[in-house]
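Some notes on the structure that comes next.
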Amino acid sequence: QVRLVESGGGSVQTGGSLNLSCAVSGVTFRRTWMVWFRQAPGKEREGVAGIYTSDTMAIYAYYADSVKGRFIISQDIAKSTVALQLNSLKPEDSGMYYCATGKARRWELADGYGHWGQGTQVTVSS
C-alpha cells in the first residue's frame with residue numbers, strides 16, 4: 001500500500017550539491033510527517049530533515065543541527081514527492097539516505113516510522 005522510492009543520490013566532491021527525491025504513494029500528507037534519514041557505516045540512523053503537514057494544511061520544516069542552513073526539505077503534494085536539496089556537502093554527509101513517513105511524535109527518531117524506502121547512496125569525497 002504505502003510505497004516510498006528514493007532517487008537522486010550519487011558521488012560528489014566536497015562543496016557540491018545533490019537533489020534527492022522520494023516518490024510517495026498510498027500516503028495522506030495531512031497530519032503526517034515526511035522525513036529524510038541517513039545512515040553511515042558504524043553509525044545510528046539519524047533524522048536529517050522532516051516536514052509536517054498540519055490539520056489545517058500548514059507546513060512546517062525541521063532540520064538536524066548538522067545540516068541546518070545547508071539542506072532544504074520540501075514536498076509537492078500534487079506530484080506526491082518529497083525532495084531534499086543537499087548543498088555545501090561535506091564528507092561527513094556521506095551515507096545511505098532514506099525517506100520515511102508516519103505519525104511520529106518526535107520526527108528525528110527512526111523508531112517512530114513504519115514505512116521506509118530502499119535508500120539512495122550519497123558519497124562526498126574530500
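Position 1 is the first residue of the sequence; numbering continues from there. These numbers were taken from a predicted model, which means no experiment stands behind them.
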Asp93/Lys90 ion pair, N-O < 4.0 Å: no

Nearest heavy atoms of Leu89 and Leu18, plus distance in Å: CD1-N, 4.0 Å

Parallel, tilted or perpendicular, as decided by the 30° and 60° cut-offs, for the rings of Tyr113 and Phe37: perpendicular

Working for side chain to side chain contact (heavy atoms under 4.5 Å, CB included), residues Glu6 and Tyr97: CA-CA 8 Å; Glu6 301 94 334; Tyr97 281 69; over 6 Å; no

Non-hydrogen side-chain atoms of His115 and Val27 separated by less than 4.5 Å: no

Closest heavy-atom pair and its distance - Arg38, Ser66: NH2-OG, 3.5 Å

Side chain proximity check, Val82 to Trp36, heavy atoms < 4.5 angstrom: yes

Minimal non-hydrogen separation, Trp116 against Ala110, with atom names: CZ2-O, 3.4 Å

Flag if over 12 foreign heavy atoms under 6.0 Å of CG, Asp111: no

Glu92 atom CD, over 12 foreign heavy atoms within 6.0 Å: yes

Pairwise side-chain contact, Thr14 with Val124, heavy-atom cut-off 4.5 Å (strictly under): yes

Side-chain heavy atoms of Leu20 within contact of Val122, under 4.5 Å: yes

Atom CZ of Arg30: over 12 foreign heavy atoms under 6.0 Å: yes

Closest contact, heavy atoms only, Trp107 versus Ala64: CH2-N, 3.8 Å

Close side-chain approach of Val5 to Gln118, heavy-atom, < 4.5 Å: yes

Least distance between heavy atoms, Lys103 atom then Trp33 atom: C-CD1, 4.3 Å

Closest non-hydrogen atom pair, Ser17 against Asn87: OG-OD1, 3.1 Å

Within 6.0 angstrom of Lys43 NZ, more than 12 heavy atoms from elsewhere: no

